[in-house]
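Given the structure is predicted, the values throughout are model-derived calculations rather than measurements. Side-chain atoms are counted along with the backbone in the values below, which use heavy atoms only and exclude waters and symmetry mates.
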Amino acid sequence: MSFTGAVRTYGAVLPQSLGSARAGAPAATPTHRFTEPGTAVADGHAPAVGAILVLAVWLLAFGSYAVLSYRRTAGNI
């Protein structure tokens with residue numbers, strides 16, 4: 001079944017139907033915050049501290065996971 005067939009058959013889940021459960025989620029994702037510093041600089045003002053902080057936290061999380069994964073597999077090679 002194609003994607004469009006599934007949407008027609010089962011119905012699309014629209015963001016409005018999800019309610020406030022995910023209202024703050026996009027603001028904390030790295031893809032959302034990744035564009036903010038560049039857009040701010042292009043507009044001629046400094047990037048928001050919150051955007052830089054969220055990116056730093058995601059960098060730390062992904063970097064820690066990469067180091068942990070590397071150390072686990074290093075003994076198996």
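To the nearest 0.5 Å, atom CG of residue L60 and atom CG of residue L55 are 12.5 Å apart.
Linking Ile, Leu, Val, Met, Phe, Trp and Tyr residues whenever their side-chain heavy atoms come within less than 4.5 Å places V54 and F62 in a single cluster.
A40 and P47 get closest at one heavy-atom pair: CB-CA, 3.7 Å.
Without hydrogens or angle criteria, T73 side chain to Y70 main chain gives a donor-acceptor distance under 3.5 Å.
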